[in-house]
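Every chain is numbered from 1, with letters handed out A, B, ... down the list of sequences.
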Amino acid sequence: MIIDWVRKLFGGQPDGVTCEESLRLLQEYIDGELDHLTASQVEEHFRVCKACWPHLNFEERFRDRLRRASERDCCPEEVRARVLAAIDEVED
Amino acid sequence: MSGTEEGPTAVRKREVFDAEAVVHMDAVYRFALRLAGDPDQANDLVQETYLRAWRAWDQYTAGTNAKSWLFTICRNLFLRQIERGKRHRSTVEERSPRESTPSGGDIVNPLWTATSQKDPEGSFFDSIVDDQVIHAIEELPEEYRTAVVMSDVEGLPYADIAEATGVPVGTVKSRLFRGRRQLQQVLYDFAVEMGYIEPATNEEEDA
Ligand SMILES: [Zn+2]
């Protein structure tokens, strides 16, 4: 955090990343694939940029919908029991 | 029956297997169900995946991602079943690495552009029932479906998805990008069809 703050003070780009860069990095940002510094710069951009924030919101809503739809599926108890019993029967 | 090897080592091995592999059974089941689209086949895939994992447990590197290791086994079993059944497998055209990440005009989601006037927050996603969302996921080509489920639903990092599917990280990114866009389009079309959202006008689409 302090490093980011120092870079903001002395770095060449006061805002860290541009709109174009933020949108280009959107997927990797959402997927948690950016390094800490870049992620915090992108996060800050989406927080303050009214033009870019809706794009982030749209993608997050989409992902959230996929997760919620999938959560209902759990391994049936009888399958779990059958799998564990089958493992018990395998000789080491 | 168990009992052929009840020494401390065998007990310990089973404890570690339970703690690192068995805990992911819901996730493996979900993954198998999305691949197969059929609960009976998913049940068999889960059982076969865990039996193989148990037999190969000595080859598993402790501390690495057991979930993606189980997914790898599960997917390989599924793909082999498909080949054996000689069913046509949907494949997607892989792009060159240069095109594998969004660039140029592709940066802005065209669907977002189309819906931004009427539904900038993508509320239409919430109007679609679970069954339709799941159906849309299951309609994706296998490569896209696997990447989307591993990433969006199960939260695996690109590197693990790449290893599990035997492709470079750039290809994973590309599959996720294209798979998500395709899925969003299907969900949007469905929302329009159901009257949850007004269709975008041509003017907005061209914007
Ligand atoms: Zn911006």
Under a plain distance cut-off of 3.5 Å, with no hydrogens placed, do A:E78 and B:N43 share a side-chain donor-acceptor pair?
no
Please examine the side chains of B:R34 and A:D73, heavy atoms only from C-beta on, and report whether any two atoms are closer than 4.5 Å.
yes
Pick one of side chain, backbone, both or neither for A:R72, based on which atoms fall under 4.5 Å of a heavy atom in chain B.
side chain
Please examine the side chains of B:Q47 and A:V79, heavy atoms only from C-beta on, and report whether any two atoms are closer than 4.5 Å.
no
Are A:R67 and B:D152 packed together at the side-chain level, in the sense that at least one heavy-atom pair is separated by less than 4.5 angstrom?
no
So, do B:F17 and A:I87 sit near enough that their side-chain heavy atoms are less than 4.5 Å apart?
yes
Side chains of B:Y158 and A:D31: any donor to acceptor distance under 3.5 Å?
yes
Quick one: what part of B:L176 sits under 4.5 Å from any heavy atom of chain A, side chain, backbone, both or neither?
both
Please determine whether a side-chain nitrogen of the Lys or Arg among B:K173 and A:E28 lies less than 4.0 Å from a carboxylate oxygen of the Asp or Glu.
yes
I need the A:H55 NE2 to B:W112 CH2 distance, nearest 0.5 Å.
3.5 Å
Which atoms of B:D131 approach chain A - backbone, side chain, both or neither, heavy atom under 4.5 Å
both
Can you check whether A:R63 reaches B:S151 side chain to side chain, under 4.5 Å on heavy atoms?
yes
Sort B:Y29 into side chain, backbone, both or neither according to what part of it lies under 4.5 angstrom from a heavy atom of chain A.
side chain
Given a strict heavy-atom distance threshold of 4.5 Å, which part of B:V148 is in contact with chain A: side chain, backbone, both, or neither?
side chain
Are there more than 12 heavy atoms of other residues, nucleotides or ligands under 6.0 Å from atom CD of A:E33?
yes
Please say which of B:R30, B:M25, B:H24 ends up in a side chain to side chain contact (heavy atoms under 4.5 Å, CB included) with A:C75.
B:M25
Which heavy atom of B:I107 sits nearest to which heavy atom of A:E20, and what is that distance?
CD1-CG, 3.7 Å
Between atom CG of B:N109 and atom CZ of A:F62, what is the distance when rounded to the nearest 0.5 Å?
9.5 Å
Considering only heavy atoms from C-beta outward, does the side chain of A:F58 approach that of B:S116 to under 4.5 Å?
no
Under 4.5 Å from any heavy atom of chain A - which part of B:R14:
side chain
Heavy-atom contact with chain B under 4.5 Å, split by part of A:L26
neither
Note, B:D26 side chain near A:R80 side chain (heavy atom, < 4.5 Å):
yes
Count the heavy atoms belonging to other residues, nucleotides or ligands that lie under 6.0 Å from CD of B:E198, then report whether that count exceeds 12.
no
Would you check if B:D130 and A:R65 make a side-chain contact, meaning some heavy-atom pair closer than 4.5 Å?
yes
Determine whether B:F125 and A:L66 satisfy the following criterion, side chain to side chain contact (heavy atoms under 4.5 Å, CB included), listing intermediate values before the conclusion.
CA-CA 9 Å; B:F125 288 131; A:L66 299 190; over 6 Å; no
Looking only at B:R180, B:E154, B:R55, most heavy-atom pairs under 4.5 Å shared with chain A are made by B:R180
Ranking B:S123, B:A159, B:A27 by heavy-atom pairs under 4.5 Å to chain A gives rank one to B:S123
